[in-house]
Amino acid sequence: QVHLQESGGGLVQAGGSLNLSCTASGRPFSTYGGSTYAMGWFRQAPGKEREFVASILVSGGNTRYAEFVKGRFTISRVSAENTVYLQMDSLNPEDTAVYFCAGDLTGFFENRAQFWDSWGQGTQVTVSA
């Protein structure tokens, strides 16, 4: 199982930006050629279920996003660093949540958190009005 560690959360004013990172230990991204292994970002606000934000194929770099972040968030990966990023722009208070990094062999098209295999501990993002 892959160990995932997030960083980059914090407090930001509405309209601001944050860049989250998730570093994976274990198998290097560069060895996933032709694989369907995906990394994803989810978030969970107090009293709400964990929801899908974005995913990326480690091998091909294909991406997909939840409708509510399209045009504002960008997911990317740097294979040499074994790291996935989530650039978040135009943040609003509704984006306040704990953001989790996840990994799974077949998770690219999967929005349901329970089907993803590996998880980080999460990083808090708070957006003030």
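We count residues from 1, following the sequence as given.
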Could you check whether any side-chain heavy atom of [X] comes within less than 4.5 Å of a side-chain heavy atom of [Y], counting everything from C-beta outward?
X	Y	answer
Leu18	Gln87	no
Met88	Asn19	no
Glu6	Leu86	no
Asn62	Ile56	no

Do [X] and [Y] belong to the same hydrophobic cluster, where Ile, Leu, Val, Met, Phe, Trp and Tyr are linked whenever their side-chain heavy atoms lie under 4.5 Å apart, directly or via other members?
X	Y	result
Val12	Val69	yes
Trp119	Phe108	no
Leu11	Leu91	no
Val58	Val2	yes
Ile75	Val125	yes

How would you list all residue pairs meeting side-chain hydrogen bond (donor to acceptor under 3.5 Å, both in side chains) that involve residues 9-18, not counting sequence neighbours?
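The answer is Ser17-Asp89.
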Closest non-hydrogen atom pair, [X] against [Y]:
X	Y	answer
Arg77	Leu57	NE-O, 3.7 Å
Leu105	Ser35	CD1-OG, 3.7 Å
Arg72	Ser90	NH1-O, 3.0 Å
Arg27	Thr31	NH2-O, 2.7 Å
Ala14	Pro93	CB-CD, 4.2 Å

Excluding sequence neighbours, so at least two apart, what forms side-chain hydrogen bond (donor to acceptor under 3.5 Å, both in side chains) with Ser118?
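Here no residue qualifies.
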Name all residues meeting the side-chain hydrogen bond (donor to acceptor under 3.5 Å, both in side chains) criterion together with Glu67; count only those two or more places apart in sequence or in a different chain, and write none if there are none.
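Only Lys70 meet the side-chain hydrogen bond (donor to acceptor under 3.5 Å, both in side chains) criterion with Glu67.
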Is NZ or CZ of Arg50 both nearer than 6.0 Å to the six-membered ring centre of Trp116 and within 45° of the ring axis?
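Cation-pi check for Arg50 and Trp116: fails.
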[X] side chain to [Y] main-chain N or O, any donor-acceptor pair under 3.5 Å?
X	Y	value
Ser55	Gly40	no
Glu81	Thr83	no
Asn82	Ala24	yes

Let me confirm one number: the CG-CZ distance from Asn111 to Arg64, rounded to the nearest 0.5 Å.
4.5 Å
Within residues 63-115 or reaching into it, pairs that qualify as disulfide (SG to SG under 2.5 Å) - sequence neighbours excluded:
Cys22-Cys101
Ring pair (Phe, Tyr, Trp, His ring centres under 6.0 Å) pairs, two or more places apart, involving residues 12-41:
Tyr32-Tyr37
Sequence neighbours excluded, every pair satisfying ring pair (Phe, Tyr, Trp, His ring centres under 6.0 Å) that has a member inside residues 49-104
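Qualifying pairs, neighbours excluded: Phe42-Phe52.
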Before giving the answer on side-chain contact (heavy atoms from CB on, under 4.5 Å), spell out for Arg43 and Val98 the whole-Å C-alpha distance, their side-chain angles and the decisive distance to 0.1 Å.
CA-CA 5 Å; Arg43 69 186 188 184; Val98 178; over 6 Å; no
Donor on one side chain, acceptor on other, Ser7 and Ser21, under 3.5 Å:
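A donor-acceptor contact under 3.5 Å links the two side chains.
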